[in-house]
Amino acid sequence: MCGRFTLRATLADVADYFRIDHLPDWDWPARFNLAPTQAVLAVRLTGDGRREMVRLRWGLIPSWAKDLNIGSRLINARAETAHEKPSFRTAFARRRCLVAADGYYEWKKTEAGKQPYLFEMSDRSLFAIAGLWERWLGDEGDAIESVTLLTVPASPDTEAVHHRMPAILPREQFGTWLGESPTADSRCRALLRPPSEGTLRMRPVSSFVNRPMHEGPQCVAPPR
DNA sequence: CCAGACGTTGTT
DNA sequence: GTCTGG
DNA sequence: CCAGACGTTGTT
DNA sequence: GTCTGG
């Protein structure tokens, strides 16, 4: 599962990682505690097939939703079934994206309370979480673009804390996932699998991160 | 035909 | 929007 | 995901 | 307990 993550890297680093030539006109402050309903940084294809960086509201709001509130429960989609679920299948076929991250959190219940863990790539690099996006039109003609993060079974590195994890895609698969050439659903589905042992490392962090309002380096500090 | 659901997680 | 249940 | 709220009336 | 907000 993935209900909180980090993107501490700069926009320039993200653009470089995703091979995007021009930077957007907005900025991206380092984020240590990205939570549902907030804007995350995603990469998708423009109408003419170029990669662009966009900010999407985390929590997918289906186009038929009556209010945007529905989105706060659709923050994840199971990779095994998203292609057939009414809320996700259209987006699976036509609106796949990559969400930029450099860490994610999971919680483990203990006698003392909820202990958060930070998961990162073993080399501390950026990574891409497979996502699906939608455009929703409100009553006043306001458009909101939202996103859900796909999940897969836990990898050997992560299963001790939680049995699910975000679907992380290797760089070689970005073009296929984004649809830079026509790709069957089944081929996209096959890309969604847990990373091999040794890809990720984890460490417990301070419960400071538990509060969604908290932000900054204290979120990734060791427990006190 | 119309009405109502449409999702994940974790816990039991 | 699209499918399922009644 | 976790934390925090969970309500109405009338008046300003 | 359950829903909302971040």
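Residue numbering restarts at 1 for every chain, and letters A, B, ... go by the order of the sequence lines. Since the structure is predicted, the reported quantities are computational estimates derived from the model, not experimental observations.
Of the candidates C:dC3, B:dC6, E:dT4, B:dC6 carries the atom nearest the A:P86 side chain, counting heavy atoms from C-beta on. For A:R89, the side-chain atoms get nearest to C:dC3 when compared with the rest of C:dC3, B:dT11, B:dG7. With E:dG6, B:dT11, B:dT8 as the choices, the nucleotide that has an atom nearest any side-chain atom of A:P212 turns out to be E:dG6. Side-chain proximity of A:R4 to the nucleotides D:dA3, B:dG7, D:dC1 is greatest for D:dC1. The side chain of A:K109 sits closest to B:dT11 out of B:dC6, B:dT11, B:dT9.
For A:L60 and B:dC6, the CG to C1' distance is 12 Å, given to the nearest whole Å. Atom NZ in A:K66 sits about 12 Å away from atom C1' in C:dG1, given to the nearest Å.
A:H163 comes within 4.0 angstrom of sugar-phosphate atoms only, judged by non-hydrogen atoms across all strands, and of no base. Here A:W107 lies in heavy-atom contact (under 4.0 Å) with sugar-phosphate atoms only.
A gap of 22 Å separates the P atoms of B:dT8 and E:dG5, to the nearest Å.
Base pairing of E:dT4 is made with D:dA3, judged by Watson-Crick or G-U wobble geometry with both donor-acceptor distances under 3.5 Å.
When the side-chain nitrogen and oxygen atoms of A:T148 are compared with OP1 and OP2 of B:dG7, none of them lie within a distance under 4.0 Å. Of the side-chain N and O atoms in A:R78, one or more sit less than 4.0 angstrom from OP1 or OP2 of B:dT9.
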